[in-house]
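First comes the structure, then the notes that go with it.
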Amino acid sequence: MTKNYMNKLLVLAVLALVFTSCKTKNVVLVEPVLVLEELSKDDVERNQFLERTDSAEFKFEYLSARGKAELVADGKVYDVIINLRMQKDKVIWASITALGFEAIRALITPDSIKIINRLAGEYQQNDIKYVQNFTNEDVDFGTLQAILLGNKLDNFIGKTDAIGFTDGLTTLSGEMDSLEHIFYFNENLKTTRIYIHDKKATQSINATYSNFATFNNQLLPQNVNLLSKTIKSILQLDIKFNRITIDEPLDFPFTVPRRFN
């Protein structure tokens, strides 16, 4: 497996193919003013639905997941093993094994990312802008965490989003600048599919979640399929987690080999 494909795998597995463009706004503190706004029927329905989906979000302090993954890139198929460890809102740790040995180890925090690439014989340390090179300048740690867990992407949901129904699923769709999105929720209010299309950049992300299992009385997908399309490439990653533990304290080992310094 070449260095190029392993770098693609890292972006897919750890960064989860996010290219979102969640727009941020400057916040100005002013004296609060009470404004009574009459909500339409659609507004009330949407707000009630979002409150219900909030209660279905997967909540945890620590999470460990191990599974097999298949990467399809440029018509070639690669089989790897992925180990993920997470501490909520603080750390995402990943180890990718290929051909019987660890090929890549990564450590992501809200402000940095560190990568040991044993195939390339190199070590990289960057701020979060490294992630944004593969995604968008507004992507943050929380967005990556939500994608990996199949949680709702709150930054996308706007006041004009519309609720719909298709094939027994509830949908939430809308558009922000050049981005259009549609999210699918099952009867348990869990995200089963995320579709985002950037019309300006001509690229899209399609993520599906299935095989939900109960952990700490909460539902979590064990199968995650990610498909990224651009003008130049199509990448697909199919992950099947077979070992998941919740809220058992974890460490996040990350020692840079001396030869990489």
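Here the structure is a predicted model, which means the values were calculated and not measured.
Applying the side-chain hydrogen bond (donor to acceptor under 3.5 Å, both in side chains) criterion to Asp247, with sequence neighbours excluded, gives Asn216. Under the ring-ring contact (aromatic ring centres under 6.0 Å, His included) criterion, Phe49 pairs with Phe185, not counting sequence neighbours.
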Practice prompt. May I have the step-by-step check of side chain to side chain donor-acceptor pair (under 3.5 Å) for Glu102 and Thr97, ending in yes or no?
Written response: CA-CA 4 Å; Glu102 184 183 63; Thr97 301; 5.9 Å; no
Item to complete: Go through Ile82 and Ile239 one step at a time and tell me if the side-chain contact (heavy atoms from CB on, under 4.5 Å) criterion holds.
Response: CA-CA 8 Å; Ile82 295 179; Ile239 307 173; 4.2 Å; yes
Practice prompt. Output, in order, the C-alpha distance, side-chain angles, deciding distance and verdict of side-chain contact (heavy atoms from CB on, under 4.5 Å) for Leu172 and Thr170.
Written response: CA-CA 7 Å; Leu172 195 63; Thr170 302; over 6 Å; no
Item to complete: Take Asp111 and Thr109, measure what side chain to side chain donor-acceptor pair (under 3.5 Å) needs, and give me the verdict at the end.
Response: CA-CA 5 Å; Asp111 58 7; Thr109 65; 3.0 Å; yes
Worksheet item: Going through the checks in order, is the side-chain contact (heavy atoms from CB on, under 4.5 Å) test met by Asn223 and Phe212?
Response: CA-CA 8 Å; Asn223 293 1; Phe212 288 85; over 6 Å; no
Fill in: Verdict with supporting geometry, Gln145 and Asp89, side chain to side chain donor-acceptor pair (under 3.5 Å)
CA-CA 8 Å; Gln145 181 176 261; Asp89 299 332; 2.9 Å; yes
Discussion item. side-chain contact (heavy atoms from CB on, under 4.5 Å), that's the test. Do Leu71 and Val77 meet it? Break it down for me.
Written reply: CA-CA 6 Å; Leu71 170 69; Val77 180; over 6 Å; no
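Taking CE from Met86 and CZ from Phe252, the interatomic distance works out to 9.0 Å, rounded to the nearest 0.5 Å. One distance of note links NZ of Lys152 with NZ of Lys190; it measures 9.5 Å at 0.5 Å rounding. Interatomic distance, CG of Asp79 versus NZ of Lys68, reported as 8.5 Å (0.5 Å rounding). Between the CD atom in Glu57 and the CG atom in Asp54 there is a gap of 6.5 Å [rounded to 0.5 Å]. For the atom pair OG1 (Thr191) and CD1 (Ile147), the distance works out to 9.0 Å, reported to the nearest 0.5 Å. Note that the CD atom of Gln125 and the CZ atom of Phe254 stand 8.0 Å from one another [nearest 0.5 Å].
For residues 158-181, every residue pair satisfying the ring-ring contact (aromatic ring centres under 6.0 Å, His included) rule, not counting sequence neighbours, is listed here: Phe156-His181, His181-Phe183.
Checking each of Lys229, Glu180, Gln203 against His197 for a side-chain hydrogen bond (donor to acceptor under 3.5 Å, both in side chains) leaves exactly one that passes, namely Glu180. Checked options Thr208, Asn225, Asn206; the residue passing with Arg193 is Asn206 (criterion: side-chain hydrogen bond (donor to acceptor under 3.5 Å, both in side chains)).
Inter-residue side-chain proximity for Thr171 and Ile163 is flagged as unmet; no heavy-atom pair is nearer than 4.5 Å. Side-chain atoms of Phe215 and Asn217, non-hydrogen and from C-beta on, never get closer than 4.5 Å to each other. Residues Tyr62 and Ile246 are not in side-chain contact: their nearest non-hydrogen atoms beyond the backbone lie 4.5 Å or more apart. Here the side chains of Val224 and Leu148 are not in contact, with every heavy-atom distance at 4.5 Å or above. Between Ile116 and Pro257, some side-chain heavy-atom pair lies under the 4.5 Å cut-off. By the 4.5 Å heavy-atom criterion applied to side chains, Leu149 and Leu63 are counted as neighbours. Between Tyr209 and Ile194, some side-chain heavy-atom pair lies under the 4.5 Å cut-off. Put simply, the side chain of Gln87 does not reach to within 4.5 Å of the side chain of Leu250, judged on heavy atoms.
Both Ile157 and Leu153 belong to a single network of hydrophobic side chains, linked directly or stepwise wherever heavy atoms of I, L, V, M, F, W or Y lie under 4.5 Å apart. Placement of Leu169 and Ile196 in two distinct hydrophobic clusters is found when ILVMFWY residues are connected by side-chain heavy-atom separations under 4.5 Å, directly or transitively. Taken together through direct or relayed side-chain contacts under 4.5 Å among Ile, Leu, Val, Met, Phe, Trp and Tyr, Ile96 and Ile81 form parts of separate hydrophobic clusters. Leu189 and Tyr195 are not part of a single hydrophobic cluster, where members link through side-chain heavy atoms under 4.5 Å apart. Tyr184 and Leu50 fall into different hydrophobic clusters, where Ile, Leu, Val, Met, Phe, Trp and Tyr side chains are chained together by heavy-atom contacts under 4.5 Å.
Judged purely by atom type and a 3.5 angstrom limit, Lys114 has no side-chain atom pairing as donor or acceptor with the backbone of Ser112. Distance alone, capped at 3.5 Å, places no donor-acceptor pair between the Arg85 side chain and the Ala94 backbone. Formation of a donor-acceptor pair under 3.5 Å by the Trp93 side chain with backbone atoms of Pro253 is found in this model. Side-chain atoms of Gln236 do not come within 3.5 Å of backbone N or O of Leu226 as any donor-acceptor pair. Between the side chain of Asn117 and the backbone N or O of Leu119, at least one donor-acceptor pair lies under 3.5 Å.
Between Glu70 and Lys240 there is no salt bridge, since no side-chain N of the basic residue sits under 4.0 Å from a carboxylate O of the acidic one.
Contact between Leu237 and Ala69 at its shortest, heavy atoms only, is CD1-CB, 4.0 Å. Nearest heavy atom pair, residue Phe58 against residue Leu219, reads CD1-O, 3.5 Å.
Enclosure of atom NZ in Lys59 by more than 12 non-hydrogen atoms of other residues, nucleotides or ligands within 6.0 angstrom is indicated.
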